[in-house]
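Notes to accompany the following structure.
In what follows, every chain begins at residue 1, and chains take the letters A, B, ... in the order their sequences are listed. These numbers come from the heavy atoms of this one structure, side chains and all, not from hydrogens, waters or symmetry mates.
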Amino acid sequence: DGGITQSPKYLFRKEGQNVTLSCEQNLNHDAMYWYRQDPGQGLRLIYYSQIVNDFQKGDIAEGYSVSREKKESFPLTVTSAQKNPTAFYLCASSLNSATNEKLFFGSGTQLSVL
Amino acid sequence: QQQVKQSPQSLIVQKGGISIINCAYENTAFDYFPWYQQFPGKGPALLIAIRPDVSEKKEGRFTISFNKSAKQFSLHIMDSQPGDSATYFCAPNQGGSEKLVFGKGTKLTVNP
């Protein structure tokens with residue numbers, strides 16, 4: 001059953017704490033993306049990666065970090081520098097970014113601040 | 001910069017009615033025009049998409065109409081059903097571009 005798995009579904013962060021959101025895909029896709037969704041704001045790109053060991057900042061990268069050590073995995077760390085982290089985080093993948101291939105999304109992680 | 005304008009922000013339709021959502025864009029290099037559907041607590045999923053070589057594409061009750069000269073495309077949902085209640089996003093993009101630009105979404109409510 002191919003797809004994108006995000007975990008956890010819900011996550012709570014204490015002030016000053018770093019938290020990591022997991023994203024795994026078994027679609028053999030090259031490109032992976034992280035989006036942040038706030039009510040009424042649509043989807044905003046945080047980071048994207050076209051190949052292993054390479055990633056680029058999106059529009060709102062400050063306070064976030066990523067890694068891409070394996071093709072299947074693209075974890076997102078929300079650092080303590082992100083002062084307003086409460087949002088719905090979505091991971092996505094596409095076959096590659098050189099074509100208009102559609103995005104496949106995970107089911108998201110809701111992050112809240114304690 | 002606002003490259004994509006989606007309207008309306010919210011829409012309420014009676015069961016059996018027609019739902020129409022519009023997306024206007026600025027970048028004339030865009031060559032792929034998808035609509036995504038998102039249910040609460042879930043990730044978006046591609047619903048239907050069109051390329052600029054055709055002006056209309058129909059898949060079941062869902063139709064995309066594309067107007068290249070006006071730089072806009074729209075989603076029409078015929079015979080709207082309560083199960084269509086969701087948020088819809090347009091995301092026009094350009095081949096080779098890594099960064100998709102999403103509209104801000106339209107929350108559709110179909111009353112029974």
Side-chain angles (χ1 to χ4, degrees), chain A residues 3-10 21 23 25 27 29-51 54-61 68 74 87-111, chain B residues 1-11 21 23-25 27 29-54 57 59 64 66 73 86-108:
Chain A
I4 299 180
T5 301
Q6 288 189 243
S7 63
K9 180 68 175 175
Y10 300 96
L21 284 61
C23 178
Q25 56 100 356
L27 300 167
H29 284 175
D30 286 326
M32 297 188 73
Y33 310 80
W34 273 106
Y35 288 90
R36 170 177 171 145
Q37 185 173 27
D38 297 278
Q41 294 295 317
L43 279 68
R44 293 184 291 168
L45 183 64
I46 304 172
Y47 268 99
Y48 63 98
S49 169
Q50 295 174 271
I51 57 173
D54 184 58
F55 47 83
Q56 308 295 328
K57 291 182 179 180
D59 300 316
I60 55 166
R68 187 87 186 274
F74 191 40
F88 191 53
Y89 290 86
L90 288 160
C91 179
S93 71
S94 66
L95 185 60
N96 59 65
S97 60
T99 64
N100 301 129
E101 296 296 334
K102 67 179 183 179
L103 293 184
F104 291 78
F105 284 88
S107 291
T109 294
Q110 177 64 50
L111 175 62
Chain B
Q1 87 230 42
Q2 189 166 3
Q3 296 186 42
V4 176
K5 284 187 178 181
Q6 188 175 334
S7 62
Q9 187 173 356
S10 63
L11 180 62
I21 304 171
C23 187
Y25 61 94
N27 189 342
F30 287 155
D31 57 5
Y32 183 65
F33 302 90
W35 285 97
Y36 286 82
Q37 181 188 54
Q38 183 182 28
F39 294 105
K42 301 293 185 183
L46 181 67
L47 180 64
I48 188 171
I50 198 170
R51 296 192 186 273
D53 53 340
V54 296
K57 181 178 181 180
E59 291 184 356
I64 288 184
F66 177 68
F73 62 110
T87 299
Y88 294 81
F89 295 95
C90 62
N93 66 88
Q94 174 186 357
S97 171
E98 301 88 358
K99 300 197 292 183
L100 274 68
V101 178
F102 283 84
K104 292 192 175 183
T106 296
K107 184 176 181 180
L108 172 65

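Contacts of A:L90 with chain B are made by side-chain atoms alone, with heavy-atom separations under 4.5 Å and no backbone atom involved. If you measure heavy-atom distances from B:P34 to chain A, you find no contacts under 4.5 Å at all.
Once rounded to the nearest 0.5 Å, the distance linking CD of B:Q38 with CZ of A:F88 reads 6.5 Å. Here the straight-line distance linking atom NZ of B:K104 with atom CD of A:Q37 works out to 13.0 Å at 0.5 Å rounding. For the atom pair B:Y36 OH and A:F105 CZ, the distance stands at 6.0 Å (nearest 0.5 Å).
Distance alone, capped at 3.5 Å, places no donor-acceptor pair between the A:K102 side chain and the B:I48 backbone.
Within the 4.5 Å cutoff, no side-chain heavy atoms of A:L103 are placed close to those of B:P44.
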